[in-house]
Amino acid sequence: MSPAGSGESASAEGRLWGGRFTQEPHQAAWALGRGVDVDRRLWREDLAGSRAHADELHRIGVLDAGDHAAIRQGLDAIEAEFTGGAFVFLPGDEDLHTAIERRLLEVCGEAGGRLRAGRSRNDQIASDLRRHVVAASRRLVAGVRAVQRALADQAESTLDWIAPGYTHLQRAQPVTLGHHLLAHAWALERDTGRLRDAAGRADAEPLGSGALAGLTLDVDPARYAVALGVSDVTPNSMDAVADRDFAVEFLSACALLGVHLSRLGEEIVLWSSTEFAWARVGEAYSTGSSIMPQKRNPDVAELVRGKTGRLIGDLVALLVTLKGLPLTYNRDLQEDKPPVFDAIDTLDLVLPAMAGTVASLRFDRERLQTAAAGGSSLATDVAEALVRRGVPFRQAHERVGALVRDCERRGADLEDLDHAAVVAALPELAGVAGDLLDPAAAVARRKAISGPAAHAVRRQLATLRRTADHASGGADAPPE
Ligand code: ARG
């Protein structure tokens, strides 16, 4: 029997399901379904699962000692081929599972054909992908930690640098640079929590579910879990092969992490513009222009912002794939892996680049200080000083607003008024501290522990570092 159509196809012996067919698959159908270019990266998980499965089949008497030993040796040999980059995928390998079984038959003969008992590719792929997501989540947490550390280190050296704080991208009230930088670090802290949550939910073992309805063979899912270092077993075999919620949760955590990195990236782009000129990105994280010799562009920050579109797309792609799928396994689910792998690859690139970019930033203290001292951004402080003198806030707001308008008419800011002029306009403030319109003093007057004062930022920094250490418990895998 020859393949219909031309090009890559599968021989009946190569396929896992040739028995009931009399025709070869059409080349176009085969090309569409062949998933090996994507799922090959699960080879570690797949081989680990196969070892656990061989042991389980041996325990229940399906594999005798000789076949068990032959299979284990065969799997070791295949692992060595993968590790050494020598494993060869053939055109007839439909997916990773098929390729490994085909190779196992080549390496250890007929014994290799016994390993398929008690297992379906449906539970096998769910098992592989879950463990992959758990490992990736842990690695990404370590990558996020590196960005947080870069932010925290910058915050530590700038915790009392006065900077303008914004709402609506209009100067609002003075803060400290340390306060601002830590705001980003706290958002990332929530991301690490979400990645851990996603890993926690993925950490359940579906092997033993079979195609959907469990098995007549007496395999024990709990033993798979122990053998594979998985914390739990999936509670329902139909759910186990149909569920990709763990991947959605993972992608959702990645997308929101991307949004946070993108917002940070956007700020770095703003800060390094000539208009802001708050900071320069280190040369190693900047690029030039092919035509404009003077250019030094914050490309990494822009690329991080750009990559977030992909991360959001990955999440949406999987949600749309799942929507409307009847239980249980459907081949649509093969489309679960590209977005998951894409999100992992994207963040593996983005996180170290962002950590380095943040660490490379050199801020201009004077420029920040000057910007914070303008824009009448202490108007609220003046209104609150009136409130302390018994003026209702509504009136205080009105009167300080009128004073700002006066200043603006003369082309000045509120901060340009000397103390006497302020008291002349607002007599209730007679005797109030002379540094009312000094941004540094204004920031220092803020008592709240969540606020911008240096003592508060120091506390926030310590809390962040403690929280991160505690949450990690030394368990986050280092970035690869
Ligand atoms: N390669 C498939 C996937 O990635 C698993 C195979 C299940 N195929 C099947 N015909 N049941 O989801």
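Counting convention: from 1, in listed order, for ligands and their atoms alike. From a predicted model like this one, the values you see are computed outputs, not experimental measurements.
Remark: minimum distance from atom 4 (O) of ligand 1 to any protein heavy atom is reached at Lys337 NZ, 2.6 Å. Given atom 5 (C) of ligand 1, the protein heavy atom at minimum distance is Tyr329 OH, 3.5 Å. Of all protein heavy atoms, the one closest to atom 10 (N) of ligand 1 is Arg121 NH2, 3.6 Å.
If you check each of Asn122, Asp39, Leu129 against atom 9 (C) of ligand 1, the one with the closest non-hydrogen atom is Asn122.
By the 6.0 Å and 45° rule, Arg44 does not stack over the aromatic ring of Phe82.
Using a 4.0 Å cut-off between charged nitrogen and carboxylate oxygen, Arg131 and Glu45 do not count as a salt-bridge pair. A salt bridge links Asp191 to Arg194: one of the charged nitrogens lies within less than 4.0 Å of a carboxylate oxygen.
At least one N/O-N/O distance between Gln334 and ligand 1 falls below 3.5 Å. Of the N or O atoms in Asp95, one or more lie within a sub-3.5 Å distance of an N or O in ligand 1.
Within the 4.0 Å heavy-atom criterion, neither part of Glu94 lies near ligand 1.
Checked by atom type, the side-chain pair Glu205/Ser127 shows a donor-acceptor distance below 3.5 Å. A donor-acceptor contact under 3.5 angstrom links the side chains of Arg145 and Gln148, judged on distance only.
With respect to His180, the ring pair (Phe, Tyr, Trp, His ring centres under 6.0 Å) criterion is satisfied by exactly one of Tyr166, Trp271, Trp161: Trp271.
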